[in-house]
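Below: one structure, written as structure tokens.
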Amino acid sequence: MKFARKALTALLALAMLAGCSSAPKENGDAQTPSGDTGVPVQGGTYIVRQPSDPASFNPDVKGDDMATYTAMNVFNRLVKTTASTELVGDLAESWEFSEDGKTLTFHLHDNVKWHDGEPFSSEDVKWTLDMIRTEGFQSNSFKMIEEITCPDANTVAIQMSAPSAAILSSLGWLGTFILPKHIYENTDWATNEANMHPIGTGPFKFESYEKSQTITLVRNEDYFKGAPYLDKLIFTIIPDANTAYQAYMNGEVDDLMLNIPSNEIAGLKANPDYTVYERASNNRTYLTFNFDAEPFNDVRVREAVNLGIDRQEVLDKAAKGIGAVPQYYMSPVFAWAMNDEVTIPARDVEAARKLIEEAGYTADANGIYFSVTLDLFDSGDFKDTATVLQQNLKEIGIDVKLNVTEMGTWQQKVQVDSDYQMAMLSGSQGPDASAISMRVHSAGAFNLAHCKNAELDALLDEGAVTTDEAARAEIYKKAQVILAEELPIVPVKEATFTVAVRNTIHGHPYSEEGIHSVASNEFSLVWIEE
């Protein structure tokens with residue numbers, strides 16, 4: 001399928017410690033990115049590969065990675081996190097904390113319109129955030145909010161029970177896109193028909209969705225930051241990674257985003273027609289376990305897996321050396337919070353086998369204690385990583401059967417139905433250290449293990465509202481002790497964001513032009529040379 005075409009860091013949250021501190025406005029118009037060496041060209045169609053279909057286009061009700069491709073371009077948030085993990089304004093032009101740190105006030109851009117022509121106002125923000133903090137999948141991140149008020153149409157004030165070091169980062173994360181009150185009010189926001197025909201304020205308008213084929217967006221001429229250059233933005237749904245890569249090399253797809261097979265990266269680096277961007281990442285690949293089913297309801301078996309993985313082999317063979325071997329149970333991006341006394345142990349096959357035997361299992365004639373299924377979806381180097389893990393775990397007596405599916409099937413089986421034993425996935429651990437709550441807190445949206453530890457919950461809740469960095473560090477160091485004991489997640493590899501971009505494409509979110517200005521998967525700055 002070919003389409004013709006015309007040729008601040010996460011630590012900003014701690015700024016409240018200085019009292020009333022205002023975030024700077026964005027520098028200049030969004031459509032004049034710094035670092036651009038050419039004259040932008042208006043027009044063209046840009047095609048991005050998406051692995052599977054979204055469940056809906058409401059990005060706030062429940063976690064859905066496949067909804068974020070569209071959400072980043074159709075909707076806006078108050079603030080957003082760029083691909084460089086900086087926090088910048090989105091609908092908010094500026095913001096400040098009160099002297100006691102308990103009120104966060106946002107000043108919104110003027111002349112913002114919804115895609116149906118209705119005016120946007122602070123009431124839309126209040127309605128959306130009230131829904132998110134009570135019913136959205138990010139609700140656990142906003143427990144500190146007591147009330148949201150609208151002094152005027154362009155001002156939103158968030159009152160909190162206590163100062164929060166995490167609130168800005170949480171607002172700039174997923175599940176916090178502002179929805180139109182006039183469309184959703186007095187309806188079930190989970191089933192509203194707009195969920196399949198989204199209306200936002202973003203740079204692109206929704207045009208159509210053909211299931212398992214394409215999602216088509218068109219330029220929003222009235223975008224408050226200036227209309228994007230592209231005429232159309234198309235997400236083409238290609239489940240198989242190899243098929244997607246071939247389409248990319250054939251020119252049928254313009255962008256694979258972060259899903260380039262590891263074994264192809266060296267060739268792309270050597271190709272003069274491409275620029276390969278390798279960016280620091282708080283993303284990591286990890287294993288998680290079903291705590292409610294055998295054999296991983298026994299922590300000794302989880303410990304055995306942790307001891308059985310050869311992480312250097314994973315990095316060398318599966319990731320082709322791209323990334324790093326994990327050392328901690330939280331992302332090392334948050335160096336201030338790392339517990340050097342609680343690190344991931346070196347591989348020890350003998351100790352791993354002993355733990356499995358202590359859990360009551362006996363090896364058969366081939367040295368195998370039991371068989372399990374590892375569920376994963378086809379993305380990046382996941383298949384190669386799983387193959388290495390399969391061999392690693394066989395050496396400690398666990399026969400691993402791989403179940404590789406497309407992401408939508410994986411999400412239903414693992415995330416929704418909890419019908420799994422062991423699963424592999426990746427995901428950002430930021431932009432603030434408190435984001436770990438999403439994956440290990442008992443109320444976390446991505447706590448796929450169903451880990452329930454009251455002490456861990458209390459520490460994570462405390463870490464989210466504590467503002468002194470030294471005090472926060474001690475909280476997260478204690479949390480890491482519990483993570484090492486419970487093992488709801490077992491880190492496998494620290495990732496590096498690697499994106500290849502044709503030299504005729506400018507303003508990519510991971511390029512020099514875009515990395516400090518737009519969110520990942522946001523294509524408002526992209527333009528194509530004729």
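What you see is a predicted model; the values in this text were computed from it and never measured.
In this structure K181 satisfies the side chain to side chain contact (heavy atoms under 4.5 Å, CB included) test together with E123, D124, W127, E185, sequence neighbours excluded. Qualifying side chain to side chain contact (heavy atoms under 4.5 Å, CB included) partners for A386, counting only residues two or more places apart in sequence or in other chains: L374, L376, L402, M424. Applying the ring-ring contact (aromatic ring centres under 6.0 Å, His included) test to F142 and every residue at least two apart in sequence or in another chain returns nothing. Checked against ring-ring contact (aromatic ring centres under 6.0 Å, His included), W173 has no partners two or more places apart in sequence or in another chain. Residues satisfying the ring-ring contact (aromatic ring centres under 6.0 Å, His included) criterion with F523, sequence neighbours excluded, are Y46.
With E522 as the partner, the salt bridge (Lys or Arg N to Asp or Glu O under 4.0 Å) test is satisfied by one option alone out of K80, K225, R77: K80.
D222 has its side chain out of reach of H115: every pair of non-hydrogen atoms, C-beta onward, lies at least 4.5 Å apart.
Under the 30°/60° scheme for interplanar angles, the aromatic rings of H109 and F224 are found to be tilted. Ring pair H197/F206 is perpendicular by interplanar angle, where above 60° counts as perpendicular and below 30° as parallel.
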D240 vs Y245, side-chain hydrogen bond (donor to acceptor under 3.5 Å, both in side chains): CA-CA, chis, key distance, verdict: CA-CA 9 Å; D240 183 71; Y245 185 75; over 6 Å; no
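Sorted by first and then second residue, the pairs that involve residues 56-69 and meet side-chain hydrogen bond (donor to acceptor under 3.5 Å, both in side chains), not counting sequence neighbours, are N58-N195.
By the 6.0 Å contact criterion, NZ on K413 is enclosed, its count of non-hydrogen atoms from other residues, nucleotides or ligands being greater than 12.
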